[in-house]
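In what follows, a structure is listed as structure tokens, so that the remarks can point back to it.
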Amino acid sequence: MKQSFSCIDAHTCGNPVRVVAKGGPLLEGIDMSAKRQHFLREYDWIRKGLMFEPRGHDMMSGSILYPPHDPENDVAVLFIETSGCLPMCGHGTIGTITIAIEEGLIRPKVPGLVRMETPAGLVQIKYFKEGKKVRSVQLTNVPSFLAAENIAIDCPTLGRLSADVSYGGNFYAIIDIQENFGGIDNHTAGELVQWSRIIREQINREHSFIHPENPTIHSCTHILWSGQVMDPLSTARNAVFYGDKAIDRSPCGTGTSARMAQWYAKGKLQPGDMFIHESIIGSTFTGRIEKLAAVSGKPAIVPSVEGWARIYGHNEITIDTEDDPYALGFQVI
């Protein structure tokens, strides 16, 4: 079977975003959370074909656009990447909205504002234009919270580490600078990837993380390693591991949300404070705690994250399972 997908490629602060403008499958469900489950059951081959090699690469991520379920909203989005079909993706949101506005894929009811449905919930977005270009996008994310503190980890080479697990649309294990870990500048990206796979497996084997209001969102999927900032004006720096061997080139939007929730819980960040988060390559997102919230009685924050994206290509991609033995993609680990 041969299927075609009209895709627009961009990057958000260095990390790729491939938006499927045409060709996405029809999905069943009353909201994007239900449609995510339908996609995972029947159409995950599309994600693999578009994200994995030879059409994608280890860092590839993207989204598929759908009409909103609530007429008050502007668009619904399904996030796809090498790590799976995510409930929420911050850098993906920034790239998706930039593409959607500049390419005319959506027409917001209120110029400058987008109400976007995701599997994790409603995300409200501001975008700022200069002429025809979107210069930055600020998303107000889903409520984020610290889920666990001081989890003991046995890491190869480094030894015993301590991690916090925080939710910002996905669950993150956050490894701050400590006795056996001096920061990301002391290690290669390859080392971080190798250790992250082992650490993530250990965490999910020994602990259970399930969103209290949406059980389809579960498990620690990302590892956030901290480091010293490159720019003295920045607040913090990170290298986020996702998938099987990817390090986010952007500062990671849901990771920034998770880290702000961690800092708030520890008294290091207050509502209104600016949180400038650096990526492994030095690109930055600007975060803030917009207001306080609660998730099933657990203290939480509503974070905002602002960043930029740039479009660099248009693709008509085919997946032909009858002709191409690698139609559904592969990874070389």
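Between Lys266 and Asp164 there is a salt bridge, since a side-chain N of the basic residue sits under 4.0 Å from a carboxylate O of the acidic one. We find that Asp154 and Arg160 are joined by a salt bridge, their nearest charged nitrogen and carboxylate oxygen being less than 4.0 Å apart. Checked for salt-bridge contact, Arg107 and Asp74 miss the test: no charged N lies under 4.0 Å from a carboxylate O.
For an aromatic pair to be called close, the ring centres must be under 6.0 Å apart, and His187 with Trp225 fails this. For Trp263 and Phe275, the ring centers are positioned less than 6.0 Å apart. Tyr43 and His38 have their aromatic ring centers within a separation under 6.0 angstrom. The aromatic ring centroids of Tyr167 and His211 lie less than 6.0 Å from each other.
No side-chain N or O of Tyr172 forms a donor-acceptor pair with one of Thr221 less than 3.5 Å apart. A donor-acceptor contact closer than 3.5 angstrom links the side chains of Asn214 and Thr216.
Side-chain N or O atoms of Thr318 include none that pairs as donor or acceptor with a backbone N or O of Asp320 at under 3.5 Å.
Of the candidates Leu139, Ile94, Val134, Leu113, Tyr127 forms a side-chain contact (heavy atoms from CB on, under 4.5 Å) with just one, namely Val134.
When hydrophobic clusters are built by joining Ile, Leu, Val, Met, Phe, Trp and Tyr residues whose side-chain heavy atoms come closer than 4.5 Å, directly or via intermediates, Leu158 is grouped together with Ile175.
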